[in-house]
Novice: 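The structure's right below; bear with me while I get my questions together.
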Amino acid sequence: MAGTFVPNASVDFETLDWGQLGWLSRPATTGAKQLVVIDVRLDPGGCHNFHKHPDQEEVLFVVEGAVEQWIGDERHIMQAGDSCFVPKDTVHASFNDSDAGAKLLAILGPCVGEAGYELVDVSGEEPWASLR
């Protein structure tokens, strides 16, 4: 298979109650089998609450703004240019406590299922529900 160009105007953005996900690469758009790449935009005060990807590793890279990033029960404030690695099946969360938007690049692999992406929300479970 040849490579695929993804012009900004053709990125499929999904609007959620905390921000947007821009699907840069996944099986449906690029035919990728090993990588899912997402433009993650956290609204001011928004968060991608505690969740995990049972069969996917993830790298998060902060493009703009600052993010309170959790990996398990460890918290770190990440600034633009910072990144982190999240092993598969590890609970993590991203919070934007500022009054400006934040932008991250999320890279997950390998692709899982037709969507290429799997997520298990654990934000209502302990200890995650009362951690923050």
Novice: Should we say atom CZ of F5 is surrounded by more than 12 heavy atoms from elsewhere, each under 6.0 Å from it?
Specialist: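 For F5, atom CZ is not crowded (no more than 12 foreign heavy atoms under 6.0 Å).
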Novice: Are L108 and V62 in one and the same hydrophobic cluster, where Ile, Leu, Val, Met, Phe, Trp and Tyr link if side-chain heavy atoms are under 4.5 Å apart?
Specialist: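 Cluster IDs for L108 and V62 match.
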Novice: Answer yes or no: is there an ion pair linking D43 with R41, defined by an N-O contact shorter than 4.0 Å?
Specialist: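 Here D43 does not pair with R41 in a salt bridge, since their nearest N and O are not under 4.0 Å apart.
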Novice: With the side chain counted from C-beta on, respond yes when F50 and D121 share a heavy-atom pair under 4.5 Å apart, and no when they do not.
Specialist: no
Novice: So how far is it from L104 CG to Q69 CD, rounded to the nearest 0.5 Å?
Specialist: 7.0 Å
Novice: Cluster question for you: counting only ILVMFWY and a side-chain heavy-atom cut-off of under 4.5 Å, with indirect links fine, are V120 and I38 together?
Specialist: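 No; tracing contacts between hydrophobic side chains, which count when under 4.5 Å, never links both residues.
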Novice: Which heavy-atom pair separates V67 from S94 by the least distance, and what is that distance?
Specialist: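 Taking every non-hydrogen atom into account, CG1-CB, 3.7 Å.
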Novice: If you count the non-hydrogen atoms of other residues, nucleotides and ligands that lie under 6.0 Å from CD in E74, is the total more than 12?
Specialist: no
Novice: Compare every heavy atom of V63 with every heavy atom of A80, then report the nearest pair and how far apart it is.
Specialist: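 Closest approach of A80 to V63: CB-O, 3.6 Å.
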Novice: Is there a side chain to side chain contact (heavy atoms under 4.5 Å, CB included) between D82 and F61? Walk through the geometry before answering.
Specialist: CA-CA 6 Å; D82 293 342; F61 175 80; over 6 Å; no
Novice: Applying side chain to side chain contact (heavy atoms under 4.5 Å, CB included), run through K103 and D39 and close with a yes or a no.
Specialist: CA-CA 7 Å; K103 183 175 176 180; D39 175 345; 3.4 Å; yes
Novice: Tell me which one of K52, K88, H92 satisfies side-chain hydrogen bond (donor to acceptor under 3.5 Å, both in side chains) with E58.
Specialist: H92
Novice: If you take all heavy atoms of M78 and L60, which pair is closest and at what distance?
Specialist: CE-O, 3.9 Å
Novice: Hey, does L21 have a side-chain heavy atom less than 4.5 Å from the side chain of F13?
Specialist: no
Novice: Under 3.5 Å, is there a donor-acceptor pair between the side chain of E118 and the main chain of D55?
Specialist: yes
Novice: Could you give me the CA-CA distance, side-chain angles and deciding distance for V40 and W18, then say whether side chain to side chain contact (heavy atoms under 4.5 Å, CB included) is met?
Specialist: CA-CA 10 Å; V40 180; W18 48 263; 4.0 Å; yes
Novice: Under 3.5 Å, is there a donor-acceptor pair between the side chain of N49 and the main chain of S123?
Specialist: no
Novice: For a quick test of reading the model, state the closest non-hydrogen atom pair linking G116 to V36 and the distance between them.
Specialist: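 So the minimum-distance heavy-atom pair works out to O-CG2, 3.0 Å.
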Novice: Would R132 and E68 pass as an ion pair if we require N to O under 4.0 Å?
Specialist: yes
Novice: Would a hydrophobic clustering, with Ile, Leu, Val, Met, Phe, Trp and Tyr connected at side-chain separations under 4.5 Å, put V122 with L119?
Specialist: no
Novice: Can the ring centroids of Y117 and W23 be said to lie less than 6.0 angstrom from one another?
Specialist: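 Ring centroids of Y117 and W23 are less than 6.0 Å from each other.
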Novice: I'd like to know if the side chain of T30 reaches the main chain of R26, judged simply by a donor and an acceptor atom lying under 3.5 Å from each other, with no hydrogens or angles considered.
Specialist: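 Checked: pair present.
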Novice: Might you point out which heavy atoms bring A66 and Q79 nearest each other, and give the distance in Å?
Specialist: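 The answer is CB-OE1, 3.6 Å.
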Novice: Show your working on side chain to side chain contact (heavy atoms under 4.5 Å, CB included) between I107 and L35 and close with a plain yes or no.
Specialist: CA-CA 7 Å; I107 304 162; L35 295 175; 4.0 Å; yes
Novice: Looking only at heavy atoms, which two atoms of L24 and V6 are closest? And how far apart?
Specialist: O-CG2, 3.6 Å
Novice: I want to know whether H48 and F95 have ring centres closer than 6.0 Å.
Specialist: no
